[in-house]
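This report concerns only the one structure given below.
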Amino acid sequence: MVRVRFAPSPTGHLHIGGARTALFNWLFARHHRGVFILRIEDTDRSRSTEEFIHSILEGLRWLGLDWDEGPYRQTERLELYQSYVQRLLKEGRAYHCYCSAQELEARRRQALAEGRPPRYDGRCRDLQEPPRGAPPPSVRFKMPQAGQTHVQDLIRGPVVFENTQLDDFIILRSDGTPTYNFVVVVDDVDMGITHVIRGDDHLNNTPKQVHIYRALGVEPPRFAHLPMILGPDKTRLSKRHGATSVVAYRDMGYLPQAMVNYLARLGWSHGDQEVFTVRELIQYFDLKDVGKSAAVFNPEKLLWLNAQHLRSTPLSELRELVWPFLLRQGTVKEGQRLNAAWLERAIGSLLERSRTLLELAQSLHYYIAEDIEPQEEARKKFLHQESLPYLKDVLKGLEALEDFRQARIEEVFKEVVQRHGVKLAKVAQPVRVAVTGGTVSPGIFEVLEILGRQKTLRRLRRAIELI
RNA sequence: GGUCCCAUCGUCUAGUGGCCUAGGACGUAGCCCUCUCAAGGCUAAAACACGGGUUCGACUCCCGUUGGGACCGCCA
């Protein structure tokens, strides 16, 4: 049985990189009908917050990445780590280190300044008893001092590390809390994790962890290190690169399935296919199709994918999804109701012109609002003396229309166009500005029908007055 | 500085020794369609980092160079 986990530390919101890691673990679990576990790595008490935990869960839920176990919290499992530390201590696989944090920091800085590798020198390794007046000790793990450590990575292949490069790292702080490289192993052992799928940035930690597994007498899981996600400047994606929090995209009107699709394609591929349903992703996902090189996050492509997914979302669903955006921009009020069929019709007309729910909501405004204010630019360009007679004729023609449907509306326009001997554009654009306030919209006949007789006539009259 | 990883169009990628005069997608440009804007269709520009090998034959295998990234914490 495949058991994988996503183990974020709650020191920030769920970001693009973390979401991709979570997604790959989730896809792997779902593909193999395994178990996806959520574990919060909050041993850094000073930087972890409840708020970020909630935010991360919110992000995962939005993406639809449901977990089968957890969320476990490392801070709730401290006794477990303690017992493992005691065991290693007793077995002579770990020892107390009495160097103070300040000393260590000073030595590291000096090493760096002298161009030496900033590694712990192991001075406390063979201490028989604590030095006099020593501060509370930390506990270090005894790494082998010779030989090599081999890691068989599912994505990278074999990776070899020289043990002389590894130093005795701290597994228990002097305040009694355990550190990452230790807890991650204890937890993965305790939770029966079979595959560790995580970011590339952990590859260098892997040999340390492998030795902990061995000291614990446990066979390490399979490792798969995912390539990093980079910003446009090719450095690791971070806040500097703009919106990196997943929920920020939700608020910008992106669909979770589009985000999932995009994230999946960042580092993974399935032939030439670009657009995937979540179902397909689960079906096709395989670690062997994950690439090795880092990928640059491309918002343009995400936007395109969002447009694709938007169009394949049922109108009834879109109606619900766009509502919060309409509320937020004040187009509708809390508790207000609109005819569902009508709203869906309006959405349908705008769908292929919208890439996000936000854009959709913005366009929807002129359909729903009682009145609109023509944009200055558009007004200057199309609402003037020359277009006045067209507007008046269209108004007259439409006033006489009993049956306010697209086909009949079109006849009115054709008539006006013929009478004046001008192109349709000459008539359509001023009308468009009059009823939508701008120069861009779906086909004008369709817009008028959806808008309805009352609003159309009122806005036309208003525009004529404006000239 | 040390260690590790990576290297195909601007970007995401296909490619697993001959199918490649390197395919798809985003983006960009042009044309068509057209009441505006989209959508759609067609077309175009655009890449195997470099140098050595191995081989009858390398984008594909090996080595080196260069470039980029990550890690080197009593952070995760």
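Everything quoted here is computed from the prediction, not taken from an experiment. To find a chain, count down the sequence lines: A is the first, B the second, and so on, and within it residues start at 1.
Side chain of A/Ala101, nearest nucleotide from B/rC74, B/rC35, B/rA14: B/rC74. Minimum atom distance to the side chain of A/Asn181 is reached by B/rA76, of the listed B/rG73, B/rU36, B/rA76. The nucleotide whose nearest atom lies closest to any side-chain atom of A/Pro118 is, among B/rC35, B/rA76, B/rG1, B/rG1.
Residue-to-nucleotide proximity on RNA chain B shows that, of A/Ile444 and A/Ser269, the 5′-proximal contact is made by A/Ser269. A residue-by-residue look at A/Asn298 and A/Thr439 shows that A/Asn298 has its nearest nucleotide of RNA chain B further toward the 5' end.
Taking the side-chain contact (heavy atoms from CB on, under 4.5 Å) definition, one finds that A/Ala7 meets it with A/Arg5, A/Arg39, A/Glu41, sequence neighbours left out. By the ring pair (Phe, Tyr, Trp, His ring centres under 6.0 Å) test, A/Phe28 pairs with A/His32, A/His195, sequence neighbours left out. In this structure, the ring pair (Phe, Tyr, Trp, His ring centres under 6.0 Å) partners of A/His420, at least two apart in sequence or on a different chain, are A/Tyr390. Looking at residues two or more places apart in sequence or on another chain, you find a side-chain contact (heavy atoms from CB on, under 4.5 Å) between A/Asn204 and A/Phe161. Among residues two or more places apart in sequence or in another chain, the salt bridge (Lys or Arg N to Asp or Glu O under 4.0 Å) test is passed with A/Glu386 by A/Lys426. Legend: residues meeting salt bridge (Lys or Arg N to Asp or Glu O under 4.0 Å) with A/Lys396, ordered by chain and number and at least two apart, are absent. The salt bridge (Lys or Arg N to Asp or Glu O under 4.0 Å) check on A/Glu105 picks up A/Arg108, A/Arg109, with sequence neighbours excluded.
Comparing the C1' positions of B/rU60 and B/rA14 gives an interatomic distance of 13 Å, to the nearest angstrom. Remark: the separation of the C1' atoms in B/rG51 and B/rU13 is 27 Å, to the nearest Å. For B/rA58 and B/rC12, the C1' atoms lie 25 Å apart once the distance is rounded to whole Å.
For B/rC6, the OP1/OP2 oxygens have no side-chain nitrogen or oxygen of A/Lys234 closer than 4.0 Å. For the OP1/OP2 pair of B/rC71 and a distance below 4.0 Å, the side-chain nitrogens and oxygens of A/Arg236 include at least one atom meeting the criterion.
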> Hey, mind stepping through A/Thr331 and A/Gln329 against side chain to side chain donor-acceptor pair (under 3.5 Å) and telling me if it holds?
Replying inline: CA-CA 6 Å; A/Thr331 299; A/Gln329 72 192 16; 2.9 Å; yes
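Using N1 to N3 plus N6-O4 or O6-N4 for Watson-Crick, or N1-O2 and O6-N3 for G-U wobble, each under 3.5 Å, B/rU34 pairs with nothing. Applying the Watson-Crick and G-U wobble criteria (two distances, each under 3.5 Å), B/rA25 pairs with B/rU11. The partner of B/rA76, taking Watson-Crick or G-U wobble pairs whose two distances both stay under 3.5 Å, does not exist in any strand shown. Both distances falling under 3.5 Å, in either a Watson-Crick or a G-U wobble arrangement, occur for no nucleotide opposite B/rA39. A 3.5 Å limit on both hydrogen-bonding distances identifies no Watson-Crick or G-U partner for B/rU60. Nucleotide B/rA70: paired with B/rU3 (Watson-Crick or G-U wobble, both distances less than 3.5 Å).
Note on A/His225: nothing from the nucleic acid sits closer than 4.0 angstrom, heavy atoms only. Within 4.0 Å of A/Thr235, counting heavy atoms only, lie sugar-phosphate atoms of the nucleic acid but no base atom.
One can find a donor-acceptor pair under 3.5 Å joining the base of B/rC74 and the side-chain atoms of A/Ser174.
Among the candidates A/Arg140, A/Arg125, A/Arg93, A/Lys142, the single residue satisfying the salt bridge (charged side-chain N to carboxylate O under 4.0 Å, His left out) test with A/Asp168 is A/Arg125.
Centroid-to-centroid, the aromatic rings of A/Trp268 and A/Phe276 come within less than 6.0 Å. Remark: aromatic rings of A/Phe141 and A/Tyr95 are distant, center separation not under 6.0 Å. Between A/Phe52 and A/His13, the ring centre distance stays below 6.0 Å.
In this structure the side chain of A/Leu391 reaches within 4.5 angstrom of the side chain of A/Ile467, judged on heavy atoms.
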Collect all protein-nucleotide pairs involving nucleotides 43-50 of chain B in which both atoms are nitrogen or oxygen and the distance is under 3.5 Å.
none

Can you pull every protein N or O that's under 3.5 Å from an N or O on nucleotides 17-24 of chain B?
from: B/rG23; atom 1: N2; to: A/Asp272; atom 2: OD1; distance (Å): 2.9
from: B/rG24; atom 1: N2; to: A/Glu274; atom 2: OE2; distance (Å): 2.7

Shorter than 3.5 Å, N or O on both sides, protein versus nucleotides 3-5 of chain B: list them out with atom names.
from: B/rC5; atom 1: O2'; to: A/Arg156; atom 2: NH1; distance (Å): 2.6

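A cation-pi arrangement, defined by a distance under 6.0 Å to the six-membered ring centre and an angle within 45 degrees of its axis, is absent between A/Arg379 and A/Phe382.
No more than 12 heavy atoms of other residues, nucleotides or ligands lie within 6.0 Å of CZ in A/Arg405, so this atom counts as exposed by the packing criterion.
If you check residues 411-429 of chain A against RNA chain B, the residues with a heavy atom closer than 4.0 Å are A/Leu424, A/Ala425, A/Ala428, A/Gln429, listed by number. Non-hydrogen atoms lying under 4.0 Å from RNA chain B are contributed by A/Glu352, A/Arg353, all within residues 348-361 of chain A.
A/Asn306 contributes a side-chain N or O that, together with a main-chain N or O of A/Leu255, makes up a donor-acceptor pair within less than 3.5 Å.
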